[in-house]
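Data block below; observations after.
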Amino acid sequence: MSIKISTGKIYDSVEVIDTIFAMDSHKEGIWSGAADPDKAFAGVKDQLRKKCEQMGGHGIQDCQFEYRNAVQQGVFGAGKQVIEIFAYGTVVKAAGAI
C-alpha cells in the first residue's frame, strides 16, 4: 500500500492514530553544489511515510511543512548552506480498512 501525504484531507472517514513529526536536511557539498531543497523535501516525506507505516496508518493528513536556511561551519571556517525541512501531520487509517 502506498502511504499518502496531504496538506488537507485524504479520506472522508478516518480513525486518527496519532500525530508525527520528521525533519531532514540537505547541505551544499564540495562536489554536489548548492543545497537542494527538493532532496530535503523528499527525505522528510520518506521519513513520514516510514513512521506512518510503522504505526499501521494508511496516510498522513493535514501535513504542515516548514523550512529554514542555515549555515553550517565547514572546514577552515568556511560556512556551508544547509536547508532544513520540518514536517508534522496526523496519521490516519481509512475507516473500514482491514
Side-chain angles (χ1 to χ4, degrees):
M1 170 188 284
S2 174
I3 303 292
K4 296 179 181 179
I5 298 174
S6 175
T7 57
K9 302 290 182 214
I10 300 171
Y11 306 106
D12 289 332
S13 182
V14 298
E15 172 189 338
V16 173
I17 296 176
D18 204 349
T19 56
I20 59 173
F21 172 83
M23 188 207 96
D24 205 331
S25 64
H26 188 262
K27 64 182 173 183
E28 70 179 318
I30 297 171
W31 292 279
S32 65
D36 187 346
D38 290 332
K39 288 184 180 179
F41 188 59
V44 81
K45 289 194 309 183
D46 285 344
Q47 287 184 41
L48 289 171
R49 284 189 181 99
K50 287 176 187 172
K51 289 180 179 186
C52 179
E53 186 174 28
Q54 291 170 352
M55 297 170 80
H58 295 134
I60 307 157
Q61 293 188 163
D62 301 317
C63 274
Q64 299 293 310
F65 297 90
E66 307 253 344
Y67 77 95
R68 75 176 184 169
N69 291 313
V71 177
Q72 184 179 52
Q73 201 62 26
V75 179
F76 306 114
K80 294 187 180 263
Q81 180 188 18
V82 178
I83 295 174
E84 298 174 330
I85 297 184
F86 308 87
Y88 60 92
T90 303
V91 175
V92 297
K93 183 180 282 192
I98 299 174

Exercise for the section: Could you go through the side chain to side chain contact (heavy atoms under 4.5 Å, CB included) check for Lys93 and Val14 one step at a time? Expected result: CA-CA 6 Å; Lys93 183 180 282 192; Val14 298; over 6 Å; no
Exercise for the section: Check whether Ile5 and Phe41 end up in the same hydrophobic cluster, where Ile, Leu, Val, Met, Phe, Trp and Tyr are linked by side-chain heavy atoms less than 4.5 Å apart. Expected result: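 Yes, because Ile5 and Phe41 connect within a single hydrophobic cluster, where side-chain heavy atoms sit under 4.5 Å apart.
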Practice task
Please confirm whether the backbone N or O of Pro37 pairs with a side-chain atom of His26, one donor and one acceptor, at under 3.5 Å?
Solution key: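 Side chain of His26 to backbone of Pro37: no pair is present.
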Problem - Main-chain N/O of Phe21 paired to Lys51 side chain as donor or acceptor, under 3.5 Å - result: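 Pair found, side chain donor or acceptor close to backbone of Phe21.
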Handout entry: Nearest heavy atoms of Val82 and Ser25, plus distance in Å
Key =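 Heavy-atom minimum between the residues: CG1-CB, 4.0 Å.
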Handout entry: Closest non-hydrogen atom pair between Ser6 and Gly8, with its separation
Key =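 Minimum heavy-atom contact is OG-N, 2.9 Å.
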Handout entry: Test side chain to side chain contact (heavy atoms under 4.5 Å, CB included) applied to Phe65 and Phe86, step by step
Key = CA-CA 6 Å; Phe65 297 90; Phe86 308 87; over 6 Å; no
Problem - Residue pairs passing the salt bridge (Lys or Arg N to Asp or Glu O under 4.0 Å) test where at least one lies in residues 2-14, sequence neighbours excluded - result: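 Applying salt bridge (Lys or Arg N to Asp or Glu O under 4.0 Å) to every pair that reaches into residues 2-14, excluding sequence neighbours, yields Lys9-Asp62.
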At what distance, to the nearest 0.5 angstrom, does [atom1] of [X] lie from [atom2] of [Y]?
{"X": "Asp18", "Y": "Cys52", "atom1": "CG", "atom2": "SG", "value": "11.0 Å"}
{"X": "Ile60", "Y": "Thr19", "atom1": "CD1", "atom2": "OG1", "value": "11.0 Å"}
{"X": "Ser2", "Y": "His58", "atom1": "OG", "atom2": "NE2", "value": "11.5 Å"}

Practice task
For Asn69, enumerate each residue passing the side-chain contact (heavy atoms from CB on, under 4.5 Å) test, keeping only those at least two apart in sequence or located in another chain.
Solution key: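 Expected list: Tyr67, Gln81, Ile83.
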Exercise for the section: Tell me, please, which residues at least two apart from Glu84 pass side-chain hydrogen bond (donor to acceptor under 3.5 Å, both in side chains). Expected result: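 Glu84 satisfies side-chain hydrogen bond (donor to acceptor under 3.5 Å, both in side chains) with Arg68 only.
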Handout entry: side chain to side chain contact (heavy atoms under 4.5 Å, CB included) between Met55 and Ile20, worked out
Key = CA-CA 10 Å; Met55 297 170 80; Ile20 59 173; 3.3 Å; yes
Identify every side-chain donor-acceptor pair in residues 42-49 under 3.5 Å, counting partners at least two apart or on other chains, and give the distances.
from  : atom 1 : to    : atom 2 : distance (Å)
Gln47 : NE2    : Met23 : O      : 2.9
Arg49 : NE     : Ile3  : O      : 3.1

